[in-house]
Amino acid sequence: MTRVRFAPSPTGDLHVGGARTALFNLLFARKTGGTFILRVEDTDGARNTEEAAQGILKGLRWLGLDWDEGPDAGGDCGPYFQSQRKPIYDAYLAKLEAAGRVYTEYSGAVRFKFSRTPITVHDLVCGDVTFAATEEPDMTVRRPDGSYIFHFVNVVDDIEMRMTHVFRGEDHLSNTWKHIDLFNAFGATPPTYAHIPLILNPDGTKMSKRDEGSAVEKSYMNEGFLPDAVFNYLCLLGWTPRTEGEKLSRESLVNLFDPAEIHNANARFDMHKCQWFNAQYLRALSPEELLSSCRRFIENAGYSINDEAVAAAAVYSVKEKVSLLTEIPAWVHYFFRSDYPYEDEVMVKLKAKPENLTLLKAACECFRTLSEWSESTIQTAIEETAKAHSFKSGALMPLLRFALSGQSRGPGVNTIAHLIGQESTLQRIEHTLGLIG
Ligand code: GLU
């Protein structure tokens, strides 16, 4: 049975590189029917915060990277916070002492005696990487204050939690010989490593915390992305599945995943492409799903949803016009309020020609007589009104759109009128007539 883990250090937000590492671990676990573990590497009291840990869990949950063992999920290898595992580390240090592989310095620091032999990492992505016998000083594993350093706890927990594979960022490859040296000293078999390429900015520089698209919560959760779209996009950063097309369900991604296909060149992040994915996913949602995804953005913009069915149809009517959920409120606000503003250019256009008034009045009268209020009866009414005044319906459409929404762009006029209802349609046209007349 394969066992893999994501082992974040809670020093800040969940970064897209971290999310992608978690994702590859998850894909591998699901593909092989194994177990995906979350372990929080929080032994650095000065840099780690509980807030950061919670933020990382929140980001992982949002992306649907559900772990089988770890915080809140339990498991028989807990606790899953390294800060709570000190007795285990003490016991492992005693093993190294017994084997004569550590010594205590005058300062109180405990150092591990490197084997000083060449060490080869058999990496699934990078191939065999051999490190010559080191000339570095022996490695501190326990600080004078009794706290343990990253390399030590990382290896102890990979042994204790019975990891079979480790997918992690390429930045760790250069230290992997130290980990293997420790595994050997414990008489344990190292896991199979797969060091995955880093994610770079579009200009090839290393992506840092402040770069566009780097923080999962700030750049994706709060910016109107759908988790499925981000999941799909991140999978393709450093891996090209052997299949046609790029929009792939989680299930297909799991089925297609093959660690041997992970690139060994760094990946470049592309926000436009990520948004393109989001647009594809957004357009594939049902009206109800779309509403449930964008509800918080509509409510945060200050609009309240009274009629669920109208709201669902309203957001659905603009799905082709947006890539992000955050763009939706500006497209649909007039469905949720009658005191919507009129764009400046809309007012100018409405007042530009005297016949506009006549046309709008005529449309209003025609709408008033309709006994059935459907998209098709509304459409016919618009066409007939225009014809009666020797205009093309194309001339009346924008005027009605201006009147009903205050905007120059949006879904079909008959869709708007149908959704806001006959009474509101008449009121809005009359109100507009009052403004321009
Ligand atoms: N805590 C390490 C990090 O966040 C994990 C390294 C590993 O996956 O082994 O980079």
Side-chain angles (χ1 to χ4, degrees), residues 2-29 34-57 59-60 65 67 69-71 77 79-85 89 92 119 121-126 129 139 141 147-183 186 188-199 206-209 214-216 238 259 262 266:
T2 58
R3 290 176 61 83
V4 291
R5 83 297 191 280
F6 177 51
S9 302
T11 51
D13 300 328
L14 176 63
H15 186 268
V16 3
R20 202 255 332 236
T21 298
L23 211 150
F24 281 178
N25 277 291
L26 178 83
L27 291 182
F28 186 72
T35 305
F36 174 52
I37 295 134
L38 177 65
R39 176 174 84 219
V40 181
E41 302 211 318
D42 58 347
T43 51
D44 187 344
R47 294 178 66 221
N48 300 152
T49 66
E50 172 63 20
E51 192 194 349
Q54 289 310 322
I56 290 171
L57 303 197
L60 293 171
L65 301 180
W67 49 96
E69 286 179 26
C77 295
Y80 293 91
F81 287 88
Q82 288 187 326
S83 57
Q84 297 165 17
R85 297 172 64 81
Y89 306 138
Y92 270 76
I119 291 175
V121 184
H122 303 287
D123 195 278
L124 281 183
V125 176
C126 309
V129 183
M139 166 169 73
V141 289
S147 64
Y148 290 95
I149 68 132
F150 160 70
H151 302 297
F152 181 81
V153 294
N154 184 266
V155 167
V156 168
D157 283 345
D158 282 346
I159 297 172
E160 271 289 290
M161 297 182 178
R162 307 189 304 276
M163 296 305 162
T164 59
H165 296 72
V166 167
F167 291 80
R168 64 183 177 191
E170 201 176 55
D171 45 334
H172 290 287
L173 178 61
S174 61
N175 280 319
T176 301
W177 64 271
K178 295 180 187 171
H179 299 182
I180 293 179
D181 214 357
L182 277 167
F183 275 100
F186 285 121
T189 310
T192 302
Y193 288 100
H195 285 92
I196 55 188
L198 301 182
I199 300 176
K206 192 166 181 278
M207 199 173 200
S208 80
K209 283 183 185 175
S214 79
V216 170
I262 296 176
N266 290 331

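First listed ligand is number 1; within each ligand, the first listed atom is number 1.
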Let's go through Phe24 and Phe167 carefully: what are the C-alpha distance in whole Å and the side-chain angles of both, what is the deciding distance for ring-ring contact (aromatic ring centres under 6.0 Å, His included) to 0.1 Å, and is it a yes or a no? CA-CA 7 Å; Phe24 281 178; Phe167 291 80; 7.3 Å; no
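Checked by atom type, the side-chain pair Thr35/Arg162 shows no donor-acceptor distance below 3.5 Å.
With sequence neighbours left out, the ring-ring contact (aromatic ring centres under 6.0 Å, His included) criterion links His179 to Phe150, His151. For Ala19, the side chain to side chain contact (heavy atoms under 4.5 Å, CB included) test picks out Leu14, Leu63, Val216, Leu234, with sequence neighbours left out.
Residues lining ligand 1 at a heavy-atom distance below 4.0 Å are given as Arg5, Ala7, Pro8, Ser9, Glu41, Phe150, Asn154, Arg168, His172, ordered by chain and residue number.
Residue pairs satisfying the salt bridge (Lys or Arg N to Asp or Glu O under 4.0 Å) criterion with at least one member in residues 4-23, sequence neighbours excluded, are listed as follows: Arg5-Asp158, Asp13-Lys218.
Heavy atoms only, all atoms of each residue included: Arg85 and Pro79 are closest at NH1-O, 2.8 Å.
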